[in-house]
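Just so you know, residue 1 is the first one in the sequence shown, and it goes up from there. Heavy atoms only: backbone and side chains are in, while hydrogens, waters and symmetry mates are out.
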Amino acid sequence: MRIPTATQQEHKVAVVNGKPRFYEPAEVKAARQKYMSYLSSHAPENPLDGPVRLMVKFCFAGGQGWKTTKPDTDNMIKMMKDCMTRLGYWHDDAQVCSEIVEKFYDAHEGIYVRLEKL
């Protein structure tokens, strides 16, 4: 899958009747829907219990080596973990006690995910 570059941190603010109102731009909604779609077929039958290690490798096309430009790994993983929580991978993303997140360029664009109980 092509990696979404919109992150959860990209909320917008509009003033409606003098009050601030936060909303998600269309590209953030599309990124969330893409994660939900791809992750749903891999969700476990029952949420994992106890501590969990999450390893994610974001492989971007078009270069070599480590990707040192935006988006930031912490922003990328937040939306993905929220989607995994909603899909029942675990009860709460607080269970993720060990997290390894990398982003780099590769011949094949995509996301590698590995979960293990600790």
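- Of the possible donor and acceptor atoms, one in the side chain of Gln95 sits under 3.5 Å from a partner among the backbone N and O of Gly50.
- Clustering ILVMFWY residues whenever any of their side-chain heavy atoms sit less than 4.5 angstrom apart, transitively, puts Met1 in the very cluster that holds Leu87.
- Lys70 places none of its side-chain heavy atoms less than 4.5 Å from the side chain of Asn75.
- Ser37 places no side-chain N or O within 3.5 Å of a backbone atom of Gln33 that could act as its donor or acceptor partner.
- Hydrophobic clustering (ILVMFWY, side-chain heavy atoms < 4.5 Å, transitive): Leu48 and Leu118 are in distinct clusters.
- Lys103 contributes a side-chain N or O that, together with a main-chain N or O of Thr69, makes up a donor-acceptor pair within less than 3.5 Å.
- Here the straight-line distance linking atom CE of Met80 with atom OH of Tyr89 works out to 7.5 Å at 0.5 Å rounding.
- Counting only heavy atoms from C-beta outward, the side chains of Met76 and Val101 never approach each other to under 4.5 Å.
- Transitive grouping of hydrophobic side chains (ILVMFWY, heavy atoms separated by less than 4.5 Å) keeps Trp66 and Ile77 in distinct clusters.
- The closest donor-acceptor contact from the side chain of Tyr38 to the backbone of Ile111 lies at 3.5 Å or more, if one exists at all.
- In the hydrophobic clustering of ILVMFWY residues, with side-chain heavy atoms under 4.5 Å counting as a link, Val96 and Met55 come out apart.
- Scanning both residues, Glu109 and Phe60, for their nearest heavy atoms gives CG-CA, 4.3 Å.
- With salt bridges taken as basic N to acidic carboxylate O contacts below 4.0 Å, one links Lys78 and Asp82.
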